[in-house]
Amino acid sequence: MPTYDPDNIFAKILRGEIPSHKIYEDDHTFAFMDIMPQADGHALVITKAGSRNLLDADPKVFTPLMTTVQKIARAAQQAFGVDGVLIKQFNEADAGQTVYHLHVHVIPRPAGTSLKPHSGQMADQTRLAEHAAKYRAALAQG
């Protein structure tokens, strides 16, 4: 299996080398808006520990990672007024992974809507900032 590359884009976001629309951060995880969202409110939760994906991660990262995923999913329900929240996680290219840093997608799903294709086109930054603010407000309310 290939090794973890500490210069991947998510590692650069963690180091502050690349900007992001931050939603939440604690000692072990970081949540931010996906810049190529498949739906309004599409967020990512990443570990601060360097691992390529679930296959090579230290099992100790899973509890804090999934705790944050749950927190962000609940905030998505409140912030975007949805009941459904899609949780996705990919491992290696054959499974669809494109950034090799352990991460989980949190995607609010309004009833009757389809996911947009992952087009490779970045979303409007103002809209992403607004969505991040909605998440932060929901988190502040508990």
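Being a predicted model, the structure only gives us computed values, none of them experimental.
By the 6.0 Å and 45° rule, R52 does not stack over the aromatic ring of Y4.
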(request) Evaluate the side-chain contact (heavy atoms from CB on, under 4.5 Å) criterion for residues T29 and Y24: first the C-alpha distance (whole Å), next the side-chain angles of each, then the deciding distance (0.1 Å), finally the verdict. (result) CA-CA 8 Å; T29 62; Y24 173 83; 4.0 Å; yes
(request) Apply the test side-chain contact (heavy atoms from CB on, under 4.5 Å) to residues H28 and T47: give CA-CA distance (whole Å), side-chain angles for both, the deciding distance (0.1 Å), then the verdict. (result) CA-CA 6 Å; H28 305 283; T47 62; over 6 Å; no
(message) Go through it in stages, so that I can follow the logic: the residues are Y100 and D5, the test is side-chain contact (heavy atoms from CB on, under 4.5 Å), and I'd like the CA-CA distance, side-chain angles, deciding distance and then a yes or no.
(response) CA-CA 7 Å; Y100 296 95; D5 176 7; over 6 Å; no
(request) Test side-chain contact (heavy atoms from CB on, under 4.5 Å) on F32 and I46 and set out the steps. (result) CA-CA 9 Å; F32 58 101; I46 64 175; 3.8 Å; yes
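Residues V61 and P64 come closest through the heavy atom pair O-CD, 3.4 Å. Of all heavy-atom pairs between D7 and K12, the closest is O-CE, 3.1 Å. Nearest approach of I72 to A43, heavy atoms of both residues: CG2-CB, 4.2 Å. In plain terms, the two heavy atoms of V106 and A73 that are nearest each other are CG1-CA, 3.8 Å. Taking each heavy atom of P108 and F80 in turn, the nearest pair found is CG-CD1, 3.9 Å. Counting all heavy atoms, side chain and backbone alike, A138 lies closest to A75 at CB-O, 3.7 Å.
Under the 4.5 Å side-chain heavy-atom criterion for ILVMFWY residues, no single connected hydrophobic cluster contains both L102 and F30. Residues L44 and I9 are members of one and the same hydrophobic cluster, defined by side-chain heavy-atom contacts under 4.5 angstrom among Ile, Leu, Val, Met, Phe, Trp and Tyr. Cluster annotation: M33 is not connected to F10 through the hydrophobic network of ILVMFWY side chains, with a link wherever side-chain heavy atoms come within less than 4.5 Å. Hydrophobic clustering (ILVMFWY, side-chain heavy atoms < 4.5 Å, transitive): L139 and V45 are in one cluster. Both M36 and L128 belong to a single network of hydrophobic side chains, linked directly or stepwise wherever heavy atoms of I, L, V, M, F, W or Y lie under 4.5 Å apart.
Side chain of K48 to backbone of D26: a donor-acceptor contact under 3.5 angstrom is found. With hydrogens and angles ignored, the 3.5 Å screen pairs a side-chain donor or acceptor of R136 with a backbone N or O of K22. A donor-acceptor contact shorter than 3.5 Å is absent between the side chain of N8 and the backbone of H101. The backbone N or O of Q78 lies less than 3.5 Å from no partner atom in the side chain of R74, so there is not a single donor-acceptor pair. Of the possible donor and acceptor atoms, one in the side chain of Y135 sits under 3.5 Å from a partner among the backbone N and O of G41. Judged purely by atom type and a 3.5 angstrom limit, Q97 uses its side chain to pair as donor or acceptor with the backbone of V99.
For the atom pair E25 CD and S20 OG, the distance stands at 9.0 Å (nearest 0.5 Å). To the nearest 0.5 Å, atom CD1 of residue I13 and atom CD1 of residue I18 are 6.0 Å apart.
Between the side chains of K88 and Q38, at least one donor N or O sits under 3.5 Å from an acceptor N or O. Using modelled atom types, one finds no donor on one side chain facing an acceptor on the other under 3.5 Å when comparing Q77 with D83. In this model, no donor atom of one side chain and acceptor atom of the other lie less than 3.5 Å apart for H131 and H21.
Counting heavy atoms from C-beta outward, I87 and V69 have side chains that approach closer than 4.5 Å. Here the side chains of I107 and H105 are in contact, with some heavy-atom distance below 4.5 Å. Residues T98 and F90 are not in side-chain contact: their nearest non-hydrogen atoms beyond the backbone lie 4.5 Å or more apart. Considering only heavy atoms from C-beta on, R109 stays 4.5 Å or farther from V85 through its side chain.
Within a 6.0 Å radius of NZ in K116, more than 12 heavy atoms belonging to other residues, nucleotides or ligands are found. Heavy-atom neighbours of Q121 CD from other residues, nucleotides or ligands within 6.0 Å: at or below the threshold of 12.
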